[in-house]
Undergrad: 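Structure below; questions to follow.
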Amino acid sequence: MKRVNILDCTLRDGGYLIDSLFGNTAIKGIIQGLTESGIDVIECGFLKDEPHQTGSTVFNNASQIRPFLPEDHRQASYVCLADYSRYSIDNLEPCDGTSIDGVRACFFKEERHEVIDFCHSIRDKGYKLYVQPVDILGYTDAELLELIEAVNELEPYAFSIVDTFGSLYKEDLQRVFYLIHHNLCSGARIGFHSHNNLQMSFALSQEFIEMTQGLRSVVVDSSMAGMGRGAGNTNTELVMQYMNRKFNSGYDINMVLDLIDNYVDGFRNQYEWGYSIPYFLAGSYSAHVNNISYLSTKAGIASRDINYLLNRIGPIARKRYDYDLLEKTYMEYQGTICDDAEALESLQKTFAGQDILILLPGHSIKTHKAEIMQYHKDHSPFVISVNLLSNDYPIDYAYFSNKNRYHYWKNATHFKEYKKIVTSNVTTAPERDQVIIDFTRLIKCGWEQIDNSGILLLRLLDLLEVKSIAIAGFDGYSHNSGCQNYIQKSMEKTRNTLNAEESNKEIRSMLEDYINTRNLDCPVSFITPSYFESVLEGE
């Protein structure tokens, strides 16, 4: 038995690009050629609850696939993919050896309990069962182990690591493989289905083959010329060449090159796939490629804009494609862009070469007021408060990048007494003693708390070429009962998608990034206790 099987999924994954309408001639020619090339498994298309059209690789049952298969199957196995939510398994007749001999059961995480009966039916009908959980990185270890325990009772032919969003790195692949390998029933193969968003698909396929040697029989998915939606897949011809070179596998690469020349290149002339910056961003955020397709139609949209929008809609939404949410977020983002050249020039004249004291609204500015006032006496800094107004401190400028805080303080009687720096996500309406800074100038993607006000102000101060920065009230979060995070109890967050530990970890990461990537040579220090003090120790 071969320890490594190649599964070509051109007729299925490539079908996303062309609505599965390859044409009967191409379907039959591709299956015949792949069979002759020695490919181990050929995925012939989809099983769906819709009528089969002439020239399509969407089928309703196995008998519709039979005419496309060669009389001599050689060593090839033929399979189709059945999406649990889109196919009634009752439509599939028992396996009789004249058509496909395997079915790949595809399902979302929330369907993992219901899909077990679906999988049972596939096995009961005599087909090889491939279990294909969508987005393997979307599972916690506990959820994955729970799924494997249920799947083991089915004794599947294969269980696949599906990198739906092209987000896997080498260490992710290793972690997931060994977790599955140590818990999956010994007779099952482990499959690997990747996408090339991060330009790592072929490298990861090699890694997968190498690290599984002597441990488990495996199945590697690929498509000719990498044909597939978005960034595409691992290239069949590359995996064949690798297997021939490393393991003397005997695949006929010339046959596959002919198939690419005769069929696939014709589709490439009409459709695009492969690595690109937008699809790199999709992989970075584990985002569905339809989000990229939708945003890319916007006139003048830049890659940095897509980066922000994917970051902004959140990890759950970006795995689907909610076009209404995308449009709303895009329009809000467009409303934050403003011309702030004059505002920056004005602020730079004021702050360049000056010592700065930042007052954030952490509880420590109340408990350590004496230290703050002593620092002010010794250094005479410009004092900038963050989302806070207070008569207890000599504030020179009030900085707002939080819309809710801005509108809260706007109702205060002393609001107009302060000069204000406001980012454009809060308001773009100019008022007296208020300068507006383009919000998009200060954001940097990669974190959920992308708009942390303290971090944004630090980035702004670097643009203003200040002399030094001292920070008070940047305490970090605690959700312990009775612990106060803010100077005012009314400012406490009642809802937060992150817990205190995760919030602190994110802010720490952003602060480390700020320290490590800034160009300005000016010291930064904390003058009140902070969870993040150690970040500055290496400065």
Side-chain angles (χ1 to χ4, degrees), residues 277 281 295 298-309 311-312 329-360 381-389 395-407 409-410 415-447 450-469 471 510-511 513-522 524:
I277 294 301
L281 295 173
L295 292 172
K298 302 294 184 184
I301 196 167
S303 295
R304 65 179 293 139
D305 302 327
I306 296 174
N307 191 26
Y308 171 80
L309 293 166
N311 196 108
R312 198 59 172 173
T329 309
Y330 173 74
M331 294 306 296
E332 289 174 350
Y333 174 68
Q334 287 295 98
T336 68
I337 300 172
C338 71
D339 183 357
D340 62 358
E342 290 186 10
L344 275 175
E345 184 178 358
S346 172
L347 290 176
Q348 191 172 58
K349 288 179 181 178
T350 301
F351 291 110
Q354 300 294 326
D355 295 315
I356 306 297
L357 170 59
I358 299 176
L359 287 180
L360 288 104
F382 272 95
V383 179
I384 304 176
S385 67
V386 178
N387 298 326
L388 171 71
L389 299 181
I395 296 172
D396 297 294
Y397 278 83
Y399 166 86
F400 291 96
S401 62
N402 183 305
K403 185 181 293 187
N404 293 333
R405 298 282 189 239
Y406 176 82
H407 288 293
W409 288 110
K410 194 171 184 179
F415 181 80
K416 293 183 179 180
E417 298 175 11
Y418 296 89
K419 295 179 180 179
K420 291 171 282 294
I421 303 169
V422 182
T423 54
S424 59
N425 61 309
V426 172
T427 181
T428 56
E431 296 184 12
R432 192 176 70 85
D433 290 333
Q434 179 170 294
V435 295
I436 299 173
I437 300 297
D438 186 352
F439 173 68
T440 66
R441 180 190 295 278
L442 305 179
I443 59 172
K444 191 171 183 179
C445 297
W447 300 273
I450 187 175
D451 52 1
N452 180 275
S453 297
I455 300 295
L456 296 186
L457 178 55
L458 287 171
R459 293 179 187 144
L460 173 60
L461 292 175
D462 277 4
L463 297 177
L464 304 181
E465 301 179 0
V466 301
K467 180 181 177 183
S468 70
I469 302 172
I471 306 172
M510 287 189 284
L511 186 59
D513 176 80
Y514 162 75
I515 294 298
N516 292 332
T517 60
R518 64 200 300 251
N519 296 318
L520 189 66
D521 183 20
C522 87
V524 180

Undergrad: Are the side chains of Val466 and Phe382 in touch, meaning some heavy atoms are under 4.5 Å apart?
TA: no

Undergrad: I need the Asn452 CG to Lys444 NZ distance, nearest 0.5 Å.
TA: 14.0 Å

Undergrad: Can you give me the closest heavy-atom contact between Tyr308 and Ile443, atom names plus distance?
TA: CD1-CD1, 3.0 Å

Undergrad: Enter the distance from Gln354:CD to Gln348:CD here, rounded to the nearest 0.5 Å.
TA: 12.0 Å

Undergrad: Below 4.5 Å, heavy atoms only, C-beta onward: do Val422 and Glu431 meet side chain to side chain?
TA: no

Undergrad: Please evaluate residues Thr336 and Thr423 with respect to the criterion side chain to side chain contact (heavy atoms under 4.5 Å, CB included), reporting the C-alpha separation (whole Å), side-chain torsions for both, the decisive distance (0.1 Å), and the verdict.
TA: CA-CA 8 Å; Thr336 68; Thr423 54; over 6 Å; no

Undergrad: From Leu461 CG over to Ile384 CD1, what is the distance, rounded to the nearest 0.5 angstrom?
TA: 5.0 Å

Undergrad: Between Ser468 (side chain) and Asp355 (backbone), is there a donor-acceptor pair under 3.5 Å?
TA: no

Undergrad: To check you understand the geometry: which heavy-atom pair defines the closest contact between Gly353 and Lys467, and what is its length?
TA: O-CB, 3.3 Å

Undergrad: Nearest heavy-atom pair of Ser385 and Ala398: which atoms, and what distance?
TA: OG-CA, 3.4 Å

Undergrad: What's the spacing between Asp462 CG and Arg518 CZ if we round to 0.5 Å?
TA: 4.5 Å

Undergrad: From Cys522 SG over to Ile469 CD1, what is the distance, rounded to the nearest 0.5 angstrom?
TA: 4.0 Å

Undergrad: Could you grab the distance from atom OH of Tyr418 to atom CG of Leu389, nearest 0.5 Å is fine?
TA: 5.5 Å

Undergrad: Of all residues at least two apart in sequence or in a different chain, which pass the side chain to side chain donor-acceptor pair (under 3.5 Å) check with Tyr397?
TA: none

Undergrad: For Tyr406, enumerate each residue passing the ring-ring contact (aromatic ring centres under 6.0 Å, His included) test, keeping only those at least two apart in sequence or located in another chain.
TA: Phe400, Phe415

Undergrad: Please report the closest heavy-atom contact between Leu456 and Leu442, naming both atoms and the distance.
TA: CD2-O, 3.4 Å

Undergrad: Looking at side-chain heavy atoms only, is the closest gap between Val386 and Leu388 below 4.5 Å?
TA: no

Undergrad: For residues Thr440 and Arg304, report the shortest heavy-atom separation together with the two atoms involved.
TA: O-NH2, 3.2 Å

Undergrad: Who passes side chain to side chain contact (heavy atoms under 4.5 Å, CB included) against Asn311, sequence neighbours left out?
TA: Tyr285, Cys445, Ile450

Undergrad: May I ask you to test the Ile356-Leu464 pair for a side-chain heavy-atom distance under 4.5 Å?
TA: no

Undergrad: Side-chain contact, heavy-atom cut-off 4.5 Å: Asp396 with Thr350?
TA: no

Undergrad: Is it the case that the side chain of Thr428 and the backbone of Ser424 share a donor-acceptor pair, with hydrogens and angles ignored and the cut-off at 3.5 Å?
TA: no

Undergrad: Keeping Asn425 on the side-chain end and Ser401 on the backbone end, is there a donor-acceptor pair under 3.5 Å?
TA: yes

Undergrad: For the residue pair Asp438 and Asp340, what are the closest heavy atoms and their distance?
TA: N-OD2, 2.9 Å

Undergrad: Within the structure provided, determine whether Leu458 and Leu511 are in side-chain contact (heavy-atom separation under 4.5 Å).
TA: yes

Undergrad: Given the rule in the side chain to side chain contact (heavy atoms under 4.5 Å, CB included) test, do Arg405 and Val426 qualify, once you have shown the distances and angles that lead to the verdict?
TA: CA-CA 9 Å; Arg405 298 282 189 239; Val426 172; over 6 Å; no

Undergrad: Please evaluate residues Tyr514 and Val524 with respect to the criterion side chain to side chain contact (heavy atoms under 4.5 Å, CB included), reporting the C-alpha separation (whole Å), side-chain torsions for both, the decisive distance (0.1 Å), and the verdict.
TA: CA-CA 11 Å; Tyr514 162 75; Val524 180; 4.2 Å; yes

Undergrad: How far apart are the C-alpha atoms of Tyr399 and Ile358, what are their side-chain angles, what is the distance that settles it, and do they pass the side chain to side chain contact (heavy atoms under 4.5 Å, CB included) test?
TA: CA-CA 10 Å; Tyr399 166 86; Ile358 299 176; over 6 Å; no

